[in-house]
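Everything below concerns the one structure shown next.
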Protein chains: 4
Amino acid sequence: MEISLEIAEHTIRAAKKMAQEIGIPMNIAIVDNGANLLLFCRMDKAWLGSMDIAIKKAKTARFFNMETGEIGKLSQPGYPLFQVEVSNGGLISFPGGIPLKNKEGEVIAAIGVSGGSVGDDYKVAAAGADAFAKYECE
Amino acid sequence: MEISLEIAEHTIRAAKKMAQEIGIPMNIAIVDNGANLLLFCRMDKAWLGSMDIAIKKAKTARFFNMETGEIGKLSQPGYPLFQVEVSNGGLISFPGGIPLKNKEGEVIAAIGVSGGSVGDDYKVAAAGADAFAKYECE
Amino acid sequence: MEISLEIAEHTIRAAKKMAQEIGIPMNIAIVDNGANLLLFCRMDKAWLGSMDIAIKKAKTARFFNMETGEIGKLSQPGYPLFQVEVSNGGLISFPGGIPLKNKEGEVIAAIGVSGGSVGDDYKVAAAGADAFAKYECE
Amino acid sequence: MEISLEIAEHTIRAAKKMAQEIGIPMNIAIVDNGANLLLFCRMDKAWLGSMDIAIKKAKTARFFNMETGEIGKLSQPGYPLFQVEVSNGGLISFPGGIPLKNKEGEVIAAIGVSGGSVGDDYKVAAAGADAFAKYECE
């Protein structure tokens with residue numbers, strides 16, 4: 001099953017709602033199964049430099065079917081994946097990218113968020129991922 | 001004045017409505033005053049390769065404050081801007097990118113559309129631009 | 001349905017067989033539904049510069065769900081898609097890239113071939129596409 | 001002597017067999033004497049992001065005629081090759097890339113593998129390198 005634009009819009013709406021609640025303007029991106037951009041928005045006053053980071057977080061999460069922060073744990077100096085970020089045209093390996101799974105548990109998309117602290121980014125991405133999961137499984 | 005996400009969403013909604021009316025799934029992008037991506041969506045079944053073209057059309061229209069097709073007239077063999085498309089990381093110089101002006105006539109954003117014939121692309125971009133102009137001027 | 005490595009290997013074997021028959025060493029690439037590289041081989045003595053062209057032909061065919069040569073008809077000077085090749089990190093718009101469809105007629109992959117004249121490239125790509133179609137539909 | 005496609009295929013078959021034995025779908029790449037891509041395959045369900053890493057591991061191993069993990073020891077903070085990974089369009093400096101030598105001990109190719117832990121990647125690359133060495137020396 002592929003992700004549709006409708007469910008991507010539903011997912012981003014939930015993420016934006018969380019961003020508004022915590023008062024941080026965000027860049028939010030969703031990529032499809034092939035890691036290709038499907039939907040993107042930059043909220044008013046959000047950092048310009050976070051546009052590319054949000055897209056790269058979404059791609060990174062789909063490239064490896066894991067949360068971006070997990071890769072960052074392994075890419076530190078002295079760790080197994082040191083400097084993996086130079087691959088694939090640039091990976092982002094800190095939190096804010098989360099794979100999106102269908103009800104069979106298969107990754108079919110990913111969300112990436114950037115604009116605040118990594119904690120805030122993660123919270124907003126997780127709100128999107130939750131909305132996606134509920135939509136997919138009901 | 002800057003373009004807000006709200007008016008960009010309003011603009012894309014009008015463009016998507018036209019795309020649905022003519023039955024062609026499109027990629028639609030809006031860039032802001034700085035030619036930076038603000039909003040993007042890929043409709044279900046739209047060409048994967050049109051994602052980049054839609055974004056480049058929007059950027060091209062804002063880079064030169066003119067419709068993308070105008071540049072294409074000048075970039076033909078023997079004409080003054082021959083091969084200008086290799087600049088700026090890649091320009092698209094055929095129709096489908098339109099600058100968006102505020103009521104003072106100043107370009108503050110641009111829309112780019114790709115997914116069908118250049119005639120269809122233009123029609124969808126123009127529908128977005130019309131909605132933008134009405135919103136801005138009322 | 002996704003293309004499997006097994007069917008991609010079957011497809012490339014048929015293409016290589018045709019390349020051997022006509023005596024031209026080729027570069028042959030297959031991309032999946034998301035236009036991501038799945039399988040690639042360069043035959044002995046094939047042009048080094050055709051490696052990138054074969055991959056770009058496969059991507060281009062999937063990006064627009066059409067044979068690459070069709071795009072080239074529209075990208076000539078004075079035609080609607082002039083200079084479209086600068087998009088998507090570089091398109092190849094002459095023959096040798098063919099989309100691969102499942103039995104429902106949906107494009108799920110593409111093959112790209114480069115190494116000889118465009119006529120030879122096309123013949124080898126078509127041999128691969130034929131083998132793919134027979135495998136898929138039997 | 002140059003590596004032939006036939007021996008590259010023999011090498012990748014041995015690597016794939018090991019990947020199947022340990023149950024990890026891998027991306028596997030072989031580059032030739034000029035560090036140019038010769039053969040590549042992505043096994044079903046292998047990470048999309050490992051495609052580029054496998055190719056970069058093979059290139060890195062040939063660029064410096066050493067196992068990729070050796071470079072990683074020298075590229076840590078405070079070490080002589082700190083940040084060398086940004087060169088050559090991106091190097092990968094953790095295990096999984098191994099140079100391939102002919103019976104005179106000259107490097108004529110390299111294999112790169114990515115898709116699991118670096119230990120798994122190395123094991124699969126080593127299985128390919130072993131098969132290559134036996135083929136070359138018998």
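Remember, it's a predicted structure, so these values are computed and weren't measured experimentally.
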Salt-bridge contact C/Lys16-D/Glu9 (side-chain N to carboxylate O under 4.0 Å): yes
Would you mind reporting whether C/Leu39 and D/Arg42 have side-chain heavy atoms less than 4.5 Å apart? no
Under 4.5 Å from a heavy atom of chain C, the part of D/Met43 involved: both
Which one wins on heavy-atom pair count under 4.5 Å against chain D: C/Leu37, C/Asp44, C/Asn27, C/Asn36? C/Leu37
Heavy-atom distances under 4.5 Å only: say whether C/Leu38 touches chain D with side chain, backbone, both or neither. both
Let me confirm one number: the SG-CD1 distance from C/Cys41 to D/Ile30, rounded to the nearest 0.5 Å. 12.0 Å
Got a sec: does the OH of D/Tyr79 have more than 12 other heavy atoms crowding it under 6.0 Å? no
